[in-house]
Amino acid sequence: MSTIRLRKVTKRFGSLVAVNRADLDVEAGEVLCLLGPSGCGKTTTLRMIAGLEDATEGDILIAEQRVNHLRPSQRDIAMVFQFYALYPVLTVAENLAYPLHYERLAKEEIAKRVKRVAALLELESVLERTPGQLAEGEKQRAAVGRAIIRDPNCFLFDEPLSRLDIEQRQVMRGQIKELLSGLSKATVIVTHDQLEALTMADRIAVMRDGNIEQVASPHRIFTEPTNLFVAGFIGTPRMNLVEAALTETGEGHCRFELGGQRVRLPITRPGLSAGSRITFGVRPRACEFTSEPGDDTISGTVDLVEPMGAETLVHLLHGEQDLRVVVDRTIRLAVGEQAHLRFEPESVHLFDESGRRVEAAA
Ligand code: ATP
């Protein structure tokens, strides 16, 4: 069974803890993206799974076998790097066939597999070219083809699309996702691009400073971020995070004070009591402007209007706070205008003083 498991895996470089007691399970057929800012430990985690870096502590299991002591070549994994690592003097067909030479397959079998992978990745027309004669997208597909041509235990991808332009990325994201979905392998993809993670992953592990902060489906990471870091890291434009006080918890509603203004919302948080200091989180697409102020709105001054094509990003100055609101491009607001904002109650996120999410139900 193609699986990857980490059990309390730590990597230290001298006094630096690059990865701290990481626990992860990637099941057969599952794509897990390691996502986080630069230096958070994504690549080190991947390199430990590959055997390119030794774990300082903990266990790494591939296909349910502990592999800490095995060399990379003994772990039966296929890895695709940011730099394609294609052999420059070999043709695409020879590059694709290269990993099979170790398997002592008959010439006909090798030719058959090259043909199948080339068809899968639309490389048939460039099989006789060398990497120097390929476009970036073709090089990337050839690198992926070389990884999948064998039948390894699992796949590891390190920033696989970072060298492609936006359009190619979009196409490749879909292609890789589709390809992997038919292979029943455990796959780990390292990326710092959240769009890549949100579109390709079955689950995302968000990392910060060597720690795994949350592991969940893309939907859950977006709708139920476990703490302030994940809330602020996932989503563009960023979630608005405003320090606030919970002033009243009533039957089916809460009152908050945000930047000197009071707002009443039909939400409950059994875990919180009146007087709590909280962080109030709302995504820029989960609020709307209304013509009249009310007890469920807050008011501010339009500070900046940024057209983004179909939508417009409006910055509303509320006290000291810059609130980002995405509206349809047909909504016209002028800088300096007073505007009133209403929040979608079901999309409001609350975080306690330690930065942890406060759930709607206890
Ligand atoms: P990026 O997205 O920039 O590649 P990352 O999340 O992949 O970042 P890592 O490359 O895993 O991060 O690095 C994690 C931490 O470990 C960083 O502080 C990095 O400087 C440090 N580090 C990585 N490799 C080594 C090494 N060989 N020796 C010393 N420190 C290292």
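We count ligands from 1, going down the list as the structure has it; atoms in each ligand are counted the same way.
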Enquirer: Give me each pair satisfying side chain to side chain donor-acceptor pair (under 3.5 Å) with a member in residues 279-292, each pair once, sequence neighbours excluded.
Expert: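 Non-adjacent pairs meeting side chain to side chain donor-acceptor pair (under 3.5 Å): Arg285-Glu311.
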
Enquirer: Got the residues with a heavy atom under 4.0 Å of ligand 1, by chain and number?
Expert: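 Within the 4.0 Å shell of ligand 1, which is judged on heavy atoms, sit Phe13, Leu16, Ala18, Pro37, Ser38, Gly39, Cys40, Gly41, Lys42, Thr43, Thr44.
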
Enquirer: Ion pair present between Lys112 and Glu108, side-chain N to carboxylate O less than 4.0 angstrom?
Expert: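 Not counted as a salt bridge, because no side-chain N and carboxylate O are separated by less than 4.0 Å.
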
Enquirer: Report the residue from Leu61, Leu156, Val67, Thr187 that forms a side chain to side chain contact (heavy atoms under 4.5 Å, CB included) with Ile4.
Expert: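 Of Leu61, Leu156, Val67, Thr187, side chain to side chain contact (heavy atoms under 4.5 Å, CB included) with Ile4 is met by Leu156 alone.
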
Enquirer: Quick one: do Arg324 and Asp303 make a salt bridge, cutoff under 4.0 Å?
Expert: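 Looking at Asp303 together with Arg324, the answer is no, because their closest N to O distance does not fall below 4.0 Å.
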
Enquirer: By side-chain hydrogen bond (donor to acceptor under 3.5 Å, both in side chains), which residues pair with Arg129, not counting sequence neighbours?
Expert: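 With sequence neighbours excluded, Arg129 shows a side-chain hydrogen bond (donor to acceptor under 3.5 Å, both in side chains) to no residue whatsoever.
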
Enquirer: When Ile, Leu, Val, Met, Phe, Trp and Tyr are grouped by side-chain heavy atoms lying under 4.5 Å apart, directly or through other members, which residues fall in the same group as Leu228?
Expert: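 Besides Leu228, the cluster holds Met239, Leu241, Phe351.
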
